[in-house]
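Let me begin by presenting the structure, written as structure tokens, before commenting on it.
Both ligands and their constituent atoms are indexed starting at 1 by order of listing. Counting begins at 1 with the first residue of the sequence.
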Amino acid sequence: MDKTIEKVLARYRVESGKGFRLKDHDPQDDGGLGLDKENAPEMLQRGVQFLAEKQDMLYAQDRWSVLCIFQAMDAAGKDSAIKHVFSGVNPQGCHVASFKAPNATELDHDFLWRHQQWLPQRGQIGIHNRSWYEEVLVVRVHPTILEAQKLPPRLVTKRIFDERLEDIAAYERYLARQGVVVLKFFLNVSQAEQRKRFLARIEEPEKNWKFSAADVAERGHWDDYMRAYQEAIRATAAPHAPWYVVPADRKWFTRLVVVAAIARALEGLGLHYPEVTAKQRESLTQAREALDA
Ligand code: ATP
Ligand code: MG
């Protein structure tokens with residue numbers, strides 16, 4: 001990977017929670033490479049192409065899988081990042097799961113249950129639009145959600161969110177040991193930019209459908225959310241399950257960072273097409289002869 005890109009990525013990658021502070025991360029950052037909106041599409045295209053090539057090998061090799069988790073405040077650009085970054089990937093090799101508030105069946109299980117069902121198979125890329133982290137974000141910010149979770153009362157203590165973070169970290173370590181490459185993206189949008197995007201959703205008719213008054217109410221809990229994100233990142237950032245705190249005030253830059261981070265992870269796997277054994281080669285030769293006859 002290009003050394004400059006590697007250097008920029010390192011600014012956003014969090015592999016240890018020690019001393020992590022969200023306020024050290026600027027949502028407006030643009031990498032300082034002098035890139036701009038004009039040359040971004042071409043760079044993105046190169047990243048998308050690279051992902052497509054690696055994903056083909058991932059699939060052929062059928063050993064590793066990749067789990068990309070996307071978390072963010074509303075209007076930070078999760079949906080559009082997913083749409084652009086994975087635009088070149090073979091639909092047979094990836095799957096997107098979006099997690100909303102859990103339904104009754106889901107609430108009858110432990111919180112990881114519903115997520116586990118959508119983990120990528122070997123050879124596949126799984127994209128989780130929201131994830132188990134909601135359990136330490138929205139649930140932490142709104143105690144009434146926790147009350148509705150049907151947990152035995154004596155298990156609901158002051159430590160519950162620390163315990164959940166511990167369980168998430170342990171689970172991600174387990175996944176990593178099973179060959180699941182875990183990548184977590186927090187699209188870090190500023191409150192001012194979110195306001196602009198909400199206003200655009202109100203003013204532009206083709207964006208009206210995206211607007212939800214509830215999102216404006218959620219915005220009122222901004223500081224609580226930021227604290228919850230900071231706690232979550234501190235407790236779960238690890239070399240085998242890094243967080244990327246992606247500047248999200250410029251959508252074109254967000255996408256470049258996300259594509260580069262996934263490209264880097266795939267590159268690190270040393271993927272290659274399965275090697276053909278002497279025996280398989282012989283059978284290929286025989287098959288050719290049969291077809292030629
Ligand atoms: P969009 O950007 O289109 O609004 P979204 O991801 O915000 O996409 P929504 O339809 O708004 O999608 O629904 C997601 C909502 O579900 C979020 O407000 C999220 O906090 C909530 N949610 C997700 N997981 C949980 C959970 N475990 N408990 C409670 N609420 C949850
Ligand atoms: Mg929403």
Please work out whether the ring planes of Y229 and Y225 are parallel, tilted or perpendicular, with thresholds of 30° and 60°.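 Y229 vs Y225 ring planes: tilted.
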In terms of side-chain heavy atoms, does [X] have a donor or acceptor partner in [Y] at a distance below 3.5 Å?
| X | Y | value |
| --- | --- | --- |
| Q45 | Q49 | no |
| E193 | S190 | no |
| Q71 | W243 | no |
| E134 | H115 | no |

Output the list of atoms in ligand 1 that are nearer than 4.0 Å to some heavy atom of [X], sorted by atom number.
| X | answer |
| --- | --- |
| D79 | 3 (O) |
| R114 | 24 (N), 25 (C), 26 (C), 27 (N) |
| E135 | 27 (N) |
| D74 | 4 (O), 7 (O) |
| A101 | 16 (O), 21 (C), 22 (N), 23 (C), 25 (C), 30 (N), 31 (C) |

Using a 4.0 Å heavy-atom threshold (strictly under), name the region of K210 that reaches ligand 1: side chain, backbone, both or neither. neither
What do we get for E134 next to ligand 1 when only non-hydrogen atoms under 4.0 Å count, side chain, backbone, both or neither? side chain
Which single N/O/S atom of D74 lies at minimum distance from the Mg ion (ligand 2)?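 In D74, the N, O or S atom with the shortest distance to the Mg ion (ligand 2) is OD1.
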In this structure, does ligand 1 have an atom that sits under 4.0 Å from one of the heavy atoms of E218? no
Residue, atom name and distance, where the atom is the protein heavy atom closest to atom 26 (C) of ligand 1: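 Atom 26 (C) of ligand 1 sits closest to the protein heavy atom P102 CD, 3.3 Å.
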Nearest to atom 14 (C) of ligand 1, what protein heavy atom do you find, and at what distance? R130 NE, 3.6 Å
Would you call K23 and D223 a salt bridge, using N to O less than 4.0 angstrom? no
Between E267 and K54, is there a side-chain N and carboxylate O pair less than 4.0 Å apart?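 No.
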Is there a protein heavy atom at a distance of less than 4.0 Å from atom 7 (O) of ligand 1? yes
Below 4.5 Å, heavy atoms only, C-beta onward: do V139 and F111 meet side chain to side chain?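 No. Closest side-chain heavy atoms not under 4.5 Å.
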For the OH atom on Y174, are there more than 12 heavy atoms of other groups (residues, nucleotides or ligands in this structure) within a distance under 6.0 Å? no
Between the candidates K100, R201, Q149, which shows the shortest non-hydrogen contact distance to atom 9 (P) of ligand 1? K100
